[in-house]
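Have a look at the structure below before the remarks.
All values below come from the heavy atoms of this structure, side chains included, with hydrogens, waters and symmetry mates left out. Numbering starts at 1 and runs along the sequence shown.
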Amino acid sequence: VTERHLNEEIMRLRLHLLQFAALHAHDELLIETLDCLGRLAGSPLGFFHFVEADQRTLSLQVWSTETTERACQAEGRGRHYDIAEAGIWCDCVRQRRPVIHNDYPNEPGRRGLPEGHAPIARELTVPVFRNERIVAVVGLANKASDYDAADIDLVAQVADLVWDIVERKQAEAERAKLQAQLLQAQKLESVGR
């Protein structure tokens with residue numbers, strides 16, 4: 001795949017995700033992102049997790065469709081996970097840079113996988129930064145060939161865009177919640193008169 005072709009694919013994907021986001025909840029957007037990245041990178045497994053403000057805790061969010069439907073039965077959605085206790089899949093947070101493990105089973109420091117987790121042959125994890133803080137981690141796994149710098153670039157560019165969309169969707173949801181609370185308070189106030 002040429003660099004030009006890859007850039008064209010990234011542009012198409014970015015447009016698709018912007019359009020998709022307008023009609024779907026943020027969890028659906030994250031899953032669609034992973035599914036699209038997986039197809040482009042040839043990676044059947046993927047995850048998108050948030051890093052809490054304390055920079056020590058992950059909030060487990062979503063996995064790609066392939067991961068949840070066919071490959072992995074491990075529990076985790078909605079769980080909070082201590083980064084200090086996480087295995088090498090969290091090295092990108094500890095090292096504050098993308099990390100590739102192209103021989104995952106033989107990597108030093110590997111701590112094993114939870115029961116029901118799909119086997120991992122190779123993986124790529126990329127942190128998403130905002131204001132010098134890591135806000136999310138995106139990972140892909142089990143590409144048939146080794147991950148490389150082009151895979152990092154693909155994931156980083158798309159994850160950065162998607163994080164912007166997620167932040168906007170979260171702000172919109174918070175604004176709607178506050179408006180509903182204000183409306184409820186106004187109703188209670190008018191009843192009390």
Side-chain angles (χ1 to χ4, degrees), residues 1 6 10 27 29-163 166:
V1 177
L6 179 61
I10 291 171
D27 278 2
L29 171 64
L30 298 177
I31 293 167
E32 180 69 7
T33 300
L34 293 170
D35 291 349
C36 291
L37 283 171
R39 283 190 296 276
L40 276 176
S43 298
L45 306 181
F47 67 83
F48 202 124
H49 299 324
F50 296 172
V51 177
E52 299 292 325
D54 66 9
Q55 296 291 280
R56 295 185 321 225
T57 309
L58 281 171
S59 172
L60 303 186
Q61 295 296 310
V62 299
W63 291 263
S64 68
T65 301
E66 178 81 14
T67 303
T68 57
E69 290 183 359
R70 293 182 262 308
C72 189
Q73 304 305 313
E75 294 294 317
R77 183 174 169 82
R79 246 181 92 205
H80 288 82
Y81 204 93
D82 187 340
I83 291 168
E85 306 216 356
I88 62 173
W89 64 274
C90 245
D91 282 353
C92 71
V93 177
R94 290 185 282 267
Q95 296 176 22
R96 300 182 59 77
R97 63 174 182 81
V99 172
I100 293 173
H101 296 116
N102 278 322
D103 186 14
Y104 187 88
N106 295 311
E107 287 288 335
R110 196 174 71 81
R111 297 184 183 170
L113 299 168
E115 187 172 325
H117 198 287
I120 303 293
R122 58 187 53 82
E123 73 167 359
L124 160 72
T125 55
V126 176
V128 179
F129 287 88
R130 287 298 179 276
N131 301 320
E132 302 298 318
R133 289 182 41 243
I134 298 173
V135 293
V137 175
V138 180
L140 297 178
N142 289 357
K143 180 178 174 180
S145 58
D146 285 353
Y147 288 104
D148 59 24
D151 295 310
I152 289 172
D153 189 45
L154 168 67
V155 173
Q157 284 190 52
V158 173
D160 195 58
L161 167 73
V162 169
W163 185 258
V166 166

Worksheet item: For the side chain of Asn142 and the backbone of Ala121, is there at least one donor-acceptor N/O pair under 3.5 Å apart?
Response: yes
Worksheet item: For the residue pair Thr125 and Trp89, what are the closest heavy atoms and their distance?
Response: CG2-O, 3.4 Å
Fill in: Ring geometry between Tyr104 and His101 (parallel below 30°, tilted from 30 to 60°, perpendicular above 60°)
perpendicular
Response to the item:
d(Leu58 CG, Glu85 CD) to nearest 0.5 Å is 12.0 Å
Practice prompt. Using distance alone, with no hydrogens and no angle criterion, decide if Tyr147 and Ser43 have a side-chain donor and acceptor under 3.5 Å apart.
Written response: yes
Worksheet item: CG of Asp151 to CG of Leu40: how many Å apart, nearest 0.5 Å?
Response: 10.0 Å
Worksheet item: About how many Å separate CD of Gln61 and CD1 of Ile31, when rounded to the nearest 0.5 Å?
Response: 10.5 Å
Practice prompt. Apply ring pair (Phe, Tyr, Trp, His ring centres under 6.0 Å) to Phe129 and list each qualifying residue two or more places apart in sequence or on a separate chain.
Written response: none
Worksheet item: Rounded to the nearest 0.5 Å, how far does CD1 of Ile10 lie from CG of Leu161?
Response: 11.0 Å
Item to complete: Using modelled atom types only, decide if a donor and an acceptor are shared between the side chain of Asn131 and the backbone of Arg133 within a distance under 3.5 Å.
Response: no
Worksheet item: Taking atom CG of Leu29 and atom OG1 of Thr33, what is their separation to the nearest 0.5 Å?
Response: 4.0 Å
Fill in: side chain to side chain donor-acceptor pair (under 3.5 Å) involving Asp54 - partner list, sequence neighbours excluded
Thr57
Practice prompt. Would you list the pairs meeting salt bridge (charged side-chain N to carboxylate O under 4.0 Å, His left out) in which at least one residue belongs to residues 90-101, sequence neighbours left out?
Written response: Asp91-Arg94
